[in-house]
*Asks:* 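Below is a structure I'd like to ask you about.
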Amino acid sequence: MPRRSPRLRPPRGGREQAAAAAVACAALWLLAKIATATWQAAVRIWPWLAVLAALALGYATWRFIRELQARKVRAQTLARLRITLAQLDAMDDRAFEFALRDLLLRDGWNAQQVGRQGDQAADVIGEDRQRGRIVLQAKHTTVAGKVGSSVMYQVKGTAGPAHGADIAVVVTNGSFTRDAKTWGERHQVHWIDRDRLHRWAEHGTPLQDLLRLPTPRKTAFRRCLKPSGENPSPEPSPPIRIPQH
């Protein structure tokens, strides 16, 4: 049989009642002593607590102001951002992707570099409230290098279903074959060759003006295919990096 737990019973008789009263008084006295000691300790240390609270508030305020100043400086730097073709040619593939991201940021897009192995033809992804999502595929090559139609096919096949893109763009510091340009214009895959890149990066022409992007969000990509939402996680954004010559 399970053992019953002992239960307290009320005191019986005068002795037990007197003992219970004594225990209650002792407990009340102890609680009073603890409360008094706590109050006295608080009275002694409250100036230090106030100083610590003031220091914490001052530090938080300093961090907030510093963050605002850093954002302002970066916004001003991006607004003045100009990258020459020579600087773009000197970059490696990864630096070229970050440069394109910074150019999108300069033009008002909320952009991130996402290119890596298995990126499904997306190196930079940007968002704009009016124009929606843009996906950039970067093709850094030699000056004489040409991008063919196969790249256009790949971007067209992944921009909408894999990345939920409203706008797809292939960017190179070289050029495109005639077939690639024709196919891209026919199937809503924008292209930026060396000449357009010069106008965008060095002259400061906004991308939306360069490509004459429409304001409405409705585009062929979202009408045809739904995005899967499986974009690669973007890496933390490094500062603007432009090779100096």
Side-chain angles (χ1 to χ4, degrees), residues 1-81 94 97-98 101-102 104-120 122-135 162-166 217 222 226-241:
M1 296 178 60
R3 298 181 59 184
R4 295 182 180 180
S5 58
R7 293 185 299 176
L8 295 176
R9 62 176 179 80
R12 300 173 183 174
R15 289 185 179 182
E16 290 186 0
Q17 291 177 351
V23 171
C25 290
L28 291 175
W29 177 83
L30 181 61
L31 289 175
K33 292 289 289 183
I34 293 174
T36 301
T38 303
W39 172 256
Q40 291 175 347
V43 169
R44 287 195 301 270
I45 68 173
W46 78 263
W48 297 104
L49 294 176
V51 170
L52 290 175
L55 290 175
L57 179 62
Y59 177 73
T61 303
W62 173 78
R63 287 290 302 270
F64 179 73
I65 294 175
R66 184 179 179 183
E67 179 67 19
L68 287 180
Q69 291 175 341
R71 291 183 181 180
K72 183 178 179 180
V73 170
R74 177 161 178 80
Q76 292 173 345
T77 302
L78 286 170
R80 300 190 302 266
L81 179 62
R94 193 169 181 78
E97 294 171 7
F98 278 111
R101 179 211 62 181
D102 291 336
L104 275 183
L105 289 171
R106 182 200 68 185
D107 294 344
W109 299 78
N110 182 16
Q112 293 176 322
Q113 186 273 347
V114 296
R116 58 180 56 82
Q117 187 176 4
D119 56 27
Q120 300 185 76
D123 294 315
V124 180
I125 293 179
E127 297 279 353
D128 180 83
R129 288 185 178 181
Q130 293 182 322
R131 295 178 175 85
R133 174 172 290 190
I134 189 171
V135 168
H163 306 293
D166 297 287
R217 294 186 55 138
R222 289 199 173 178
K226 294 181 180 180
S228 64
E230 298 179 354
N231 294 333
S233 301
E235 294 183 355
S237 300
I240 301 171
R241 300 176 297 178

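All residue numbers refer to positions in the sequence shown, counting from 1. In what follows, every heavy atom counts, from backbone to side chain, and hydrogens, waters and symmetry copies are set aside.
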*Asks:* Could you walk me through whether Leu104 and Val124 pass the side chain to side chain contact (heavy atoms under 4.5 Å, CB included) check?
*Replies:* CA-CA 9 Å; Leu104 275 183; Val124 180; 3.7 Å; yes
*Asks:* Closer than 3.5 angstrom, by distance alone: can the side chain of Asp166 be matched with the main-chain N or O of Arg133 as a donor-acceptor pair?
*Replies:*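 Side chain of Asp166 to backbone of Arg133: a pair is present.
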*Asks:* Does CH2 belonging to Trp62 count more than 12 external heavy atoms closer than 6.0 Å?
*Replies:*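 For Trp62, atom CH2 is crowded (more than 12 foreign heavy atoms under 6.0 Å).
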*Asks:* Closer than 3.5 angstrom, by distance alone: can the side chain of Arg101 be matched with the main-chain N or O of Gln113 as a donor-acceptor pair?
*Replies:*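 No, the answer is negative, given that no donor and acceptor are paired below the 3.5 Å cut-off.
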*Asks:* Might you point out which heavy atoms bring Gln120 and Ala162 nearest each other, and give the distance in Å?
*Replies:*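 For Gln120 and Ala162, the tightest heavy-atom pair comes out as OE1-CB, 3.5 Å.
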*Asks:* Give, for atom CD1 of Ile125 and atom CH2 of Trp109, the distance between the pair rounded to the nearest 0.5 Å.
*Replies:*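 The distance works out to 12.5 Å.
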*Asks:* Donor-acceptor check, side chain of His163 to backbone of Ile134, threshold 3.5 angstrom: yes or no?
*Replies:*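 Not confirmed, His163 side chain does not pair with Ile134 backbone.
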*Asks:* First locate atom CG of Asn110, then atom CG of Leu105, and finally report the distance between them rounded to the nearest 0.5 Å.
*Replies:*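 Rounded to the nearest 0.5 Å, the CG-CG separation comes out at 7.0 Å.
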*Asks:* Check for a donor-acceptor pair, side chain of Arg131 on one end and backbone N or O of Arg129 on the other, with a separation under 3.5 Å.
*Replies:*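 No, the answer is negative, given that no donor and acceptor are paired below the 3.5 Å cut-off.
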*Asks:* To the nearest 0.5 angstrom, please state how far the OG1 atom of Thr36 sits from the CG atom of Leu31.
*Replies:*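 Spacing of OG1 (Thr36) from CG (Leu31) equals 10.5 Å.
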*Asks:* At their closest point, which heavy atom of Ala122 faces which heavy atom of Val135, and how far apart are they?
*Replies:*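 Minimum heavy-atom separation between Ala122 and Val135: CB-CG1, 3.6 Å.
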*Asks:* Kindly indicate whether the side chain of Asp102, heavy atoms from C-beta on, has any atom under 4.5 Å from the side chain of Leu81.
*Replies:*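 In short, these two side chains touch, coming nearer than 4.5 Å.
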